[in-house]
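Atom set for the values below is all heavy atoms of this structure, side chains included, hydrogens, waters and symmetry mates excluded.
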Amino acid sequence: MGSYIARRLLQAVPIIIGITLLTFFIMQLAPGNPMQTMINPKIPLSEMQKVQEELGFNKPVVYQYFNWLKEIMQGNLGYTIKTGQPVTQLILERLPATLLLTCTAFLLSFVIGIPLGVYSALYRNRTPDYVLTVISLVGISIPSFFFGLGLIFLFALKLGWFPTSGIKTIGKDFGGIALFIDYTKHIILPATVLALPTAAVVMRFTRSSMLEVFSLDFIRTAHAKGLQKHVVIFKHALRNALIPVITIFGLSIPFLFGGAYITEHIFNWPGMGSLGISAIVGREYPVIMALNLFTSILVLTGNLIADISYAWADPRIHYS
């Protein structure tokens, strides 16, 4: 297993370089450049050209990319174009809020999706299965921005149960359990929006996989031996049905971070998603590249975690 992980980590290096290279050149194909967002009639054109030379925007694209790659190798993610603030500092400031939101949504999606998938499989082609199927299809199909705005309108504006935005109540100095309750009230709506599509997919995959396992011989043998129903379902059937679900487990990590862009923007959540939206609008290339690099690492990490989890779920799978 150790040698397998080492090989996967080595294979990840050229993949990450390829992803960043493609992203960098796609950004360069977009019309305009970051200098256009800094145009000010009070600043002479000569000064703007001097700034452009200092930032390296007058150099060839290949040179700009390899210069960025060299800085990355030295642990420097660059600086924002407008303010000169270190990108690493920006990300570290926003990362805790994003981790709080995405980890909560991640737990919700699997804690809700797997039991509902098992329940749907147990009541196949009956009313509970039909109801859960409709709910899952709605969860997969509904756009997150529409669902988020709907929750804000109903539960925040009409019912007043939850706040409309932010991570905590501004102007209030809570402590202890009151602070925990305040954070909980603010995170419920965005975490629900972020978790719904993944929970729906997990539920459908769990149902399909459980139905397939239920038809296998070892399940009939377990029933014939007189094992209790919950033992057969959760100890024998569920573990063997987890392989497709584990795939979703690995892929959902980068999916949740990607979905956080829209969700954080809707709920004004001070995380990396809202930072990414601001960077795209402001043409902050260093920030966009750093976030893209972070997401690429998440994708590869999620795939590696999924592969390792396969061996835990199915002892027949070995890596050498």
Shortest non-hydrogen contact between [X] and [Y], atoms and distance:
X	Y	answer
Arg207	Ser120	CD-OG, 3.2 Å
Thr102	Ala260	CG2-CB, 4.4 Å
Ala191	Ala105	O-CB, 3.7 Å

Under 4.5 Å between any side-chain heavy atoms of Phe294 and Leu95, yes or no?
yes
Verify the neighbour count for atom [atom1] of [X]: are there more than 12 heavy atoms of other residues, nucleotides or ligands below 6.0 Å?
X	atom1	answer
Glu212	CD	no
Phe205	CZ	no
Phe66	CZ	no
Tyr261	OH	yes

Ion pair check, Asp129 and Arg126, cut-off under 4.0 Å:
no
Could you tell me which residues satisfy salt bridge (charged side-chain N to carboxylate O under 4.0 Å, His left out) with Arg124, sequence neighbours excluded, listed by chain and number?
none
Side chains of Thr98 and Glu264, donor plus acceptor under 3.5 Å:
yes
Applying side-chain contact (heavy atoms from CB on, under 4.5 Å) to Thr20 and Trp68, what does each step give before you reach the verdict?
CA-CA 10 Å; Thr20 57; Trp68 174 84; 3.8 Å; yes
